[in-house]
Student: 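Mind looking over this structure? Questions follow.
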Amino acid sequence: MVHLFRTSLGMMALAAASVGLSGGAQAANGPFLAHQALYDLSLVKSRTNSVNSARGRILYNFTGNACEGYTSEFRQVSELDSGEGKVTLSDLRSNSWEDAAGKSYRFRIETRMNEADAGRVDGSAERDGDHITVKLKLPAPKTFTLDGKIVFPTEQIQRIIAAAKDGKSLLELSVYDGSDDGQKVYNTLTVIGQPIPADRATASDPSTADEHMKSLKRWPVTVSYFDRDAQQKEGEQTPVYAMAFELYENGVSRQLVLDYNDFVISGAMGKFDVKDSKPCN
């Protein structure tokens, strides 16, 4: 159960999935779609009977362009009932900005569980040649460096879409998103399915019914996240978390499934609104 209420890599991945492409891929794939999406969460199954029910919502806002960078605002409120009156309520909020070239990343994350004090992470990361310098303000001031091959969330999704367009089915990346205590790096394995044509019949939701989306194809994608430190020290190959979704060419995601090993949560899109976007001058 703890995985759902961490400053969650999975939740950050969802935000990244909604952001979409970045950098050089923009010209080939068209502009990003500024939008707001609401996802309704519910329990799919509990493998260990540790969760009786789950409910919640994710609200995501995305704005920006290739000149000014991209801003995402994200909030997830979740409630898990583990039986015998044990209910855990979490509230996760994040605000991040990433430039289109994947060189700069800023993030603020706040996580609150039940009545406990909120945990906060606040920092920035700058790519410079073969390394990335991370400067944290919270939870404690700290500066450290990461391997320059590590990518930020928007670039991660850009590479997934580029791989999908190239017909590739597997992609391995190391990702830094500022989650947990701001010092974690996760190794990811992405499995990309065959493209879903725009005209294929599917269960309708606000995204498939929207005029901006009807002509776009999408791919079924599953991203598994592994603790990089554990893999390096112990060779551990069990993902700490996985998420599946259908990813559109413009970066919008639908049919979310969050797999926390002990239990699985679905995120059905309940509302989708396209927002006015400022053109890049």
Side-chain angles (χ1 to χ4, degrees), residues 4-23 26 31-41 56-79 89-100 102-113 118-125 136-139 151-158 175-180 182 205-207 210 212-213 223 243 245 247-248 250-254 256 258 265 267-280:
L4 185 63
F5 300 116
R6 295 163 59 183
T7 301
S8 171
L9 55 148
M11 296 307 104
M12 299 304 292
L14 171 66
S18 299
V19 169
L21 315 176
S22 69
Q26 185 194 10
F32 304 155
L33 188 66
H35 67 281
Q36 180 182 87
L38 177 70
Y39 301 85
D40 295 308
L41 305 179
R57 281 188 167 182
I58 293 172
L59 180 64
Y60 180 72
N61 280 287
F62 164 71
T63 56
N65 58 43
C67 296
E68 298 176 353
Y70 303 101
T71 298
S72 63
E73 297 175 336
F74 171 88
R75 185 177 184 186
Q76 179 195 353
V77 178
S78 305
E79 182 181 273
L89 178 66
S90 75
D91 188 345
L92 168 65
R93 309 180 190 207
S94 75
N95 185 297
S96 64
W97 174 89
E98 186 174 340
D99 77 333
K103 293 183 177 180
S104 299
Y105 179 56
R106 298 197 298 265
F107 51 92
R108 293 195 307 274
I109 305 166
E110 179 178 311
T111 310
R112 187 183 301 273
M113 288 182 58
R120 293 181 173 86
V121 181
D122 188 341
S124 62
L136 294 180
K137 298 177 183 178
L138 295 172
V151 301
F152 303 136
T154 305
E155 185 177 356
Q156 176 193 14
I157 298 301
Q158 181 268 322
V175 180
Y176 176 79
D177 60 16
S179 62
D180 292 276
D205 68 21
S207 69
D210 190 273
H212 297 81
M213 312 296 291
V223 185
M243 69 180 301
F245 50 93
L247 181 60
Y248 280 97
N250 64 356
V252 174
S253 60
R254 68 183 295 270
L256 179 69
L258 312 172
I265 300 288
M269 186 178 284
K271 189 176 181 182
F272 179 77
D273 295 313
V274 175
K275 305 176 75 172
D276 291 334
S277 58
K278 180 180 177 181
C280 184

Student: Do NZ/NE/NH1/NH2 and the carboxylate oxygens of R120 and D122 come within less than 4.0 Å?
Tutor: no
Student: Rounded at 0.5 Å granularity, tell me how far CG in D177 sits from CD in E98.
Tutor: 10.5 Å
Student: State, yes or no, whether a side-chain contact exists between R57 and L59 at a heavy-atom distance under 4.5 Å.
Tutor: no
Student: With a 3.5 Å distance limit and no angle check, can you tell me whether N61 reaches the backbone of E73 through a side-chain donor-acceptor pair?
Tutor: no
Student: Any donor-acceptor pair under 3.5 Å linking the side chain of W97 with the backbone of E68?
Tutor: yes
Student: Only one of L256, D40, L38, L92 clears side-chain contact (heavy atoms from CB on, under 4.5 Å) with I58; which?
Tutor: L256
Student: Closest approach of A34 and T63, non-hydrogen atoms and distance?
Tutor: CB-CA, 4.4 Å
Student: So, taking the atom named CZ in R93 and the one named CZ in R112, what distance separates them when rounded to the nearest 0.5 Å?
Tutor: 7.5 Å
Student: Between V121 and P139, is there a side-chain heavy-atom distance shorter than 4.5 Å?
Tutor: yes
Student: Who passes side-chain hydrogen bond (donor to acceptor under 3.5 Å, both in side chains) against D273, sequence neighbours left out?
Tutor: none
Student: Would you say that Q76 contacts L41 through its side chain, given a criterion of any heavy-atom pair below 4.5 Å between the two side chains?
Tutor: yes
Student: Ignoring hydrogens, what is the shortest heavy-atom contact between S253 and M269? Give both atom names and the distance.
Tutor: O-CE, 3.2 Å
Student: Where the side chain of Y70 meets the backbone of F62, is there a donor-acceptor pair that is under 3.5 Å apart?
Tutor: no
Student: If only side-chain N and O atoms count, and only distance matters, is there a donor-acceptor pair under 3.5 Å linking S96 with S72?
Tutor: yes
Student: For atom NZ of K137, decide whether the heavy atoms of other residues, nucleotides or ligands shown that lie under 6.0 angstrom number more than 12.
Tutor: no
Student: Quick one, L136 and F107 - any side-chain contact, counting heavy atoms below 4.5 Å?
Tutor: yes
Student: May I ask you to test the M213-F272 pair for a side-chain heavy-atom distance under 4.5 Å?
Tutor: yes
Student: Do Q156 and V223 come within less than 4.5 Å of each other through their side chains, counting heavy atoms only?
Tutor: yes
Student: Taking all heavy atoms of A125 and all of Y176, pick out the closest pair and write down the distance.
Tutor: CB-CE2, 4.3 Å
Student: Search all heavy atoms of A118 against all heavy atoms of E110 and return the closest pair with its distance.
Tutor: CB-CG, 3.7 Å
Student: Any side-chain to backbone donor/acceptor pair from Y60 onto H35? Under 3.5 Å, distance only.
Tutor: no
